[in-house]
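Proteins get letters first, then strands, A, B, ... in listed order; numbering begins at 1 in each.
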Amino acid sequence: MVNGINLFFQFLDSFGFIVLAAIGLAVIFGMMGVINLAHGELIMIGAYGTTLVANAGAPLVLAMAAGVLAAAVAGLIIERTIVKRLYHRPLDSMVATWALGLALTQVVRIIFGNSLSGIGLPFGAIRFGAFSYSMYRTVLSVVALALLVGAYLVFTRTEFGIRARATIQDADTARAMGVDTDRMYTSTFVIGCALAGLTGALYAPALSIVPGMGSTFLVEAFVAVVTGGTSVLLGTTLAAGVLGSADALFTNLYGTFIGQVAMLILAILILRFLPTGLSGALEDLRERIGGEN
Amino acid sequence: MSDRLVSRRGFLSSSAVLAGTALAGCSGGSASSDDTIKIGVLEDRSGNFALVGDPKHKASMLAIEEINNNGGIDGKQIETFSPDPQSDNQRYQELASRAIREEEVDALWAGYSSATREAIRPTIDRNEQLYFYTTQYEGGVCDKYTFAVGPTARQQLGIVLPYLREEFGPDIYTIAADYNFGQLSADWVKVLANENDANVLGEEFIPLSETDFSSTINNIQEADPDFVMSMLVGANHTSFYEQKASAGLEVPIGTSTAMAQGYEHRRIDPPAMANIYAGVNYMEEVPTDSNTQDGGFVDRYFEKYPDAPYLNEEAETNYFSTYMYKEAVEQAGTVEQPEVIDALESGISLGSERAPEAPEGETIELDGATHHVDHHMWVMRADDQHNVEAVENRKIPEQFLSETVGCDLREEVETTQYTPVDYFEEAQ
Amino acid sequence: MSLNLGSTLGITVAIPVAVAVATVVAFVLGYFMFYGRVTGVFVAIITLVTTVVMQTFMAQTAGSEWAIGDVKLGGFNGMPGIPNVALGVEGVSISFRGMTFYWLVLVLLVVTYLGARALVNGRFGYAMVGVREDEDRIEMLGYDVRRVKLTVFTLGGAISGLSGVLYASWGNYIDPSVFTLTFATLPVIWVTVGGRESLLGAVLATVALEWFRQQLSITGSEFALVVVGLLLLFIVLVVPDGIVPYVHEKGLGAYRKYTGTDDDRPAGTPQEEIAE
Amino acid sequence: MLTCTDLTVGYGSTPILRDIDLHVDEGEVVGVIGKNGVGKTTLMKSLVGLLDPTDGSIEYDGTDITDLPTDERAKAGIGYIPQSRDVFPDLTVRQNLLVGETVNEDVEELLYDTVYEYFPILEERADQAAGSMSGGEQQMLAIGRALVGNPDLLLLDEPSEGIQPSIVQQIQRDIPEISDDLGMTVLFVEQNLGVIQAMSERCYAIERGTIVDELGSSDLTDDTLAQFLAV
């Protein structure tokens with residue numbers, strides 16, 4: 001039986017999770033064409049940073065900032081030493097980031113052991129009749145939405161964002177206009193990593209802190225990026241909305257497994273029938289409507 | 001690439017012989033020199049299962065060190081072959097094969113997950129290799145060469161479910177990991193509910209990759225059971241406990257998986273694990289003398305591994321089964337595996353005069369017919385500070401294979417895994 | 001696949017059937033992608049997603065309702081009891097185990113290698129190189145890029161299907177971990193390390209890397225995975241074309257210096273690029 | 001203002017440009033003429049730094065910039081208008097112009113007014129995606145983008161190519177005017193006879209990768225030029 005309020009909260013949960021899982025990957029892939037297979041490990045670094053600092057006694061917000069910072073610094077090092085050399089070799093960058101992720105997971109395991117003790121979920125519960133929902137996870141979906149809007153504004157309204165996009169579209173010409181494209185690439189990569197770190201920071205209280213925790217996010221992240229299509233942020237939003245709805249509805253009706261299957265089948269259908277992804281399809285639609293007017 | 005690859009137990013399938021393939025084999029004699037015994041310990045120290053696998057490895061090493069320091073087995077020192085299979089089943093297959101053929105181990109301990117056990121069992125059986133599987137598991141493996149010495153789902157659920165039925169009432173909601181272990185455990189919940197006059201209101205299987213439990217929590221609230229039986233597994237599922245606490249779900253939860261293996265009560269912030277009742281044969285907090293007294297199991301473990309985070313259920317099984325092997329070899333007077341298996345099947349018990357006590361209880365017995373252990377089972381409850389206390393304990397024999405199926409490996413050589421579906425109407 | 005067909009004849013039949021299934025799946029997936037005009041890294045992501053979807057699905061098939069014939073898919077625990085590879089009919093047959101299995105795999109490897117080599121050296125090889133180097137241009141020359149890609153992809157699927165048969169019967173067991181990201185990435189790693197444009201490189205790198213990984217895991221060192229990761233990073237960064245072409249080039253250079261001959265062949269002829 | 005000495009550029013072992021010696025004085029408008037494929041675009045790209053010379057040197061404003069990265073050259077005041085315009089298609093007109101602001105970092109005032117005065121369409125279409133404009137409009141945008149930063153030297157790569165004649169007329173009229181107004185030095189490559197005659201004060205003729213002649217303003221007759229161009 002479908003309960004509207006339950007469905008709504010589950011949708012928020014799903015939507016938030018997909019957006020947060022995908023956004024860092026989407027920025028790096030969409031803006032730079034690099035498939036970062038170490039994405040999960042950057043999320044893990046964010047979560048570890050947050051948990052370690054929080055366990056040391058710092059307030060949660062500060063701990064989260066530390067997690068984001070840790071991921072950003074890791075991103076900077078990774079970009080400067082590895083990814084920088086592979087911009088024109090997307091397949092090699094996949095292999096390199098995969099190898100890096102493998103090593104990172106194990107290094108973290110060697111240093112910090114097989115798990116960290118967790119930090120509790122703040123905020124408590126929201127109640128409706130017999131049902132209750134974790135307030136924190138609901139807040140996460142709002143944060144996810146805010147992040148999307150924020151990222152959209154950064155990439156469309158700020159000089160940095162516009163230069164970054166110019167670099168993505170035509171690096172040579174951008175360089176000839178005085179844009180330091182190396183720095184743009186570095187910044188974009190670091191932003192993507194910081195976003196991954198933020199995802200880790202935000203989910204640190206809600207998940208088990210283990211070295212392999214990043215893999216939790218990979219399926220949703222990749223599925224959202226692929227189905228989202230060419231326009232990164234719009235794509236991520238649409239993908240999270242569509243896939244999150246399918247997940248919530250079918251989970252509610254038939255359980256978590258069917259929810260996941262429904263989401264993945266929908267993703268495959270989208271890929272087949274909308275080769276440019278959801279954002280591409282929306283833009284085509286807009287153009288067609290615009291053309292008729 | 002010569003004779004060396006083919007072990008003395010090199011078992012040639014009949015059709016290969018038919019094909020006239022000349023394999024030099026059956027050379028006889030152990031590779032380890034006559035005054036040592038070689039044991040293979042394949043436990044995960046990296047990858048997904050490292051959290052639970054690492055204590056297993058450590059406990060095996062502890063038992064071996066203790067035995068060697070006390071003069072070994074019949075005067076022979078134990079050597080080990082202990083690579084890291086990295087939670088990778090393919091790696092397990094390769095390493096098990098290598099342990100048997102190249103290292104020629106006299107006994108093999110290997111693997112955490114059921115999938116790993118199933119991955120290497122063909123190799124084990126083909127080579128007639130003595131194998132100890134030490135994880136708590138779904139039960140039902142009736143295999144001539146496998147000694148599944150961890151507690152079965154029926155034993156674990158068999159102590160905790162009746163207790164909760166008495167304490168809280170008859171209505172149960174089951175949540176379980178959506179794979180073999182979870183499905184079979186859920187079947188056992190139905191069987192045991194039937195035996196204990198309780199009802200299963202609903203059951204839900206959750207993919208191992210799932211970390212979002214909001215719909216599950218809502219479903220439990222809608223069903224409003226007296227208690228929940230949880231057979232969730234792995235790091236992802238741990239988030240259920242945090243989320244249900246955060247959502248304010250306060251129903252008592254019985255489990256065969258949480259706390260004893262992955263020590264969630266130490267890793268998660270209190271009070272997420274409050275009112276969780278684990279049915280286990282062992283966890284670090286089990287209050288037996290041999291476990292907690294000065295110089296007991298816990299002390300010895302942490303003396304050897306001061307930085308280890310926890311001493312878990314499987315670690316104890318690795319530990320006492322190493323002693324069971326010692327008993328069997330001494331009884332057989334040889335490390336030749338058919339003889340050692342015969343000795344094990346004669347019924348080894350720990351806590352007798354010659355052997356040390358098992359940390360989980362004073363005496364426990366290996367059932368020779370089924371290759372399973374009649375465990376001393378405990379119900380361990382965590383409070384809102386995550387302190388753990390024992391609220392119930394008694395000895396529970398393995399019942400499914402011995403009573404229901406009628407497996408007797410002394411009479412008949414088998415390598416089958418039986419499931420409750422075939423024997424209980426309510427499991428269907 | 002071969003589980004339902006218990007007899008030796010059954011197993012003999014099952015092998016081509018399993019390969020055919022893999023081929024058809026590859027064809028369908030390839031058709032979806034290449035005729036849907038999916039290109040570049042999106043192809044990589046879609047194949048990755050497909051494998052992860054398969055993993056999620058197969059891992060959930062623990063219930064008894066998931067079965068093909070009498071054989072349960074077994075979910076996360078996989079399917080045990082997969083028989084050895086066998087050829088022939090009842091009475092007159094060969095079953096492969098141990099060393100015979102090793103020789104069988106070796107023979108199949110050599111046959112596959114020679115077949116692939118013949119393919120890339122032929123007319124179709126030029127089309128493939130053309131597609132790799134410049135899709136637009138090869139299209140203008142009258143080749144159907146989509147068809148070339150689909151053919152290669154399907155062929156790859158067929159070879160993968162064969163290796164799947166061998167893999168499953170090697171361990172007499174198969175489980176959904178063959179659909180994990182790690183498992184899907186490994187062949188990419190082997191090929192990258194060996195040299196993406198070199199068939200021999202792929203073979204040599206696979207053997208060398210897997211041997212190395214296994215040795216590392218036998219040491220039981222906690223640094224094993226770190227070493228593997230760093231080694232791969234090093235190779236990708238320092239020897240971008242792969243080890244075998246690198247060694248080949250260096251060796252050839254040294255040889256030419258030694259003999260004083262000059263290389264007057266035009267650089268980058270298809271045979272050389274693909275099939276070294 | 002700009003001097004090339006023995007400039008040699010090539011891919012692999014075959015040079016595309018050989019021993020180019022070229023000089024442009026401050027405030028001059030100089031053309032480089034030649035047929036398709038003689039290396040005109042290669043010359044432009046090596047001047048902005050998108051191609052590395054294998055030999056020779058480039059001196060700009062008294063300093064050697066041969067090894068200076070592309071973006072540093074732009075910041076030093078070199079504005080560039082690529083051959084096929086190469087506007088950023090997904091950015092709006094206004095955003096395209098914004099990217100050009102980093103040309104010539106020494107300048108305090110940006111030249112939006114001048115740009116809008118010469119090319120009012122850029123102000124009218126400010127929020128339109130650049131990729132959706134016509135070729136001629138894109139050319140104006142490319143010129144505007146290079147101009148807003150007020151460069152000291154403007155490099156134009158075949159401004160007339162593939163553009164409707166009326167806009168070519170406008171460009172060949174406007175560029176010298178802008179050069180006069182702002183004291184801007186211009187170097188352009190071209191094969192359109194009319195444009196060359198309208199814009200150049202003098203020009204270099206290039207054939208098969210090397211400069212074969214230098215023509216003063218009096219030499220820019222149809223007949224002289226025709227021998228270097230495919231007319």
Q) Any donor-acceptor pair under 3.5 Å linking the side chain of B:Y310 with the backbone of B:E284? A)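 Present.
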
Of all of [options], which one pairs up most often with chain B through heavy atoms under 4.5 Å apart?
{"options": "A:L116, A:I209, A:N114", "value": "A:N114"}
{"options": "A:M135, A:M213, A:Q260", "value": "A:Q260"}
{"options": "A:V219, A:I119, A:V210, A:D247", "value": "A:I119"}
{"options": "A:G212, A:S115, A:G113", "value": "A:S115"}

Toward chain B, the part of [X] with a non-hydrogen atom under 4.5 Å:
{"X": "A:Q10", "value": "both"}
{"X": "A:P211", "value": "neither"}
{"X": "A:I110", "value": "neither"}

Q) In terms of ring plane angle, is the pair B:Y319 and B:F297 parallel, tilted or perpendicular, where the classes change at 30° and 60°? A)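 Tilted, since the angle between the ring planes falls between 30° and 60°.
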
Q: Could you tell me how the ring of B:Y277 sits relative to the ring of B:F168: parallel (under 30°), tilted (30 to 60°) or perpendicular (over 60°)?
A: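 Taking B:F168 first and then B:Y277, their aromatic rings stand perpendicular (interplane angle over 60°).
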
Q) Per the side chain to side chain donor-acceptor pair (under 3.5 Å) rule, which among B:D44, B:T317, B:T134, B:N312 passes with B:K56? A)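 Checked B:D44, B:T317, B:T134, B:N312 against B:K56; only one passes side chain to side chain donor-acceptor pair (under 3.5 Å): B:T134.
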
(Q) I need the single residue from A:T138, A:D13, A:T251 that forms a side chain to side chain donor-acceptor pair (under 3.5 Å) with B:S214. Which is it? (A)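 Filter result, single survivor: A:D13.
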
Q: Find the one option among B:Q243, B:E264, B:K244, B:Q86 whose heavy-atom pairs under 4.5 Å with chain A are most numerous.
A: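 Option with the top pair count is B:Q243.
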
Q) Can you tell which of B:T238, B:I268, B:D212 has the highest number of heavy-atom pairs within less than 4.5 Å of chain A? A)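 Winner by heavy-atom pair count: B:D212.
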
Q. Going by atom types alone, do A:Y203 and A:T216 pair a side-chain donor with an acceptor below 3.5 Å?
A.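 No, no side-chain donor-acceptor pair sits under 3.5 Å.
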
(Q) Salt bridge check, B:E285 against B:R266: does any charged N sit closer than 4.0 Å to a carboxylate O? (A)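 Judged by the 4.0 Å cut-off on N to carboxylate O distance, B:R266 and B:E285 do form a salt bridge.
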
**Q.** Heavy-atom contact with chain A under 4.5 Å, split by part of B:A50
**A.**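 Interface part for B:A50: both.
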
**Q.** Residue B:Y263 versus chain A: region with a heavy atom under 4.5 Å
**A.**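 Answer is side chain: those atoms of B:Y263 sit under 4.5 Å from chain A.
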
Q: Could you give me the CA-CA distance, side-chain angles and deciding distance for B:E303 and B:R300, then say whether salt bridge (charged side-chain N to carboxylate O under 4.0 Å, His left out) is met?
A: CA-CA 5 Å; B:E303 192 182 324; B:R300 297 199 299 279; over 6 Å; no

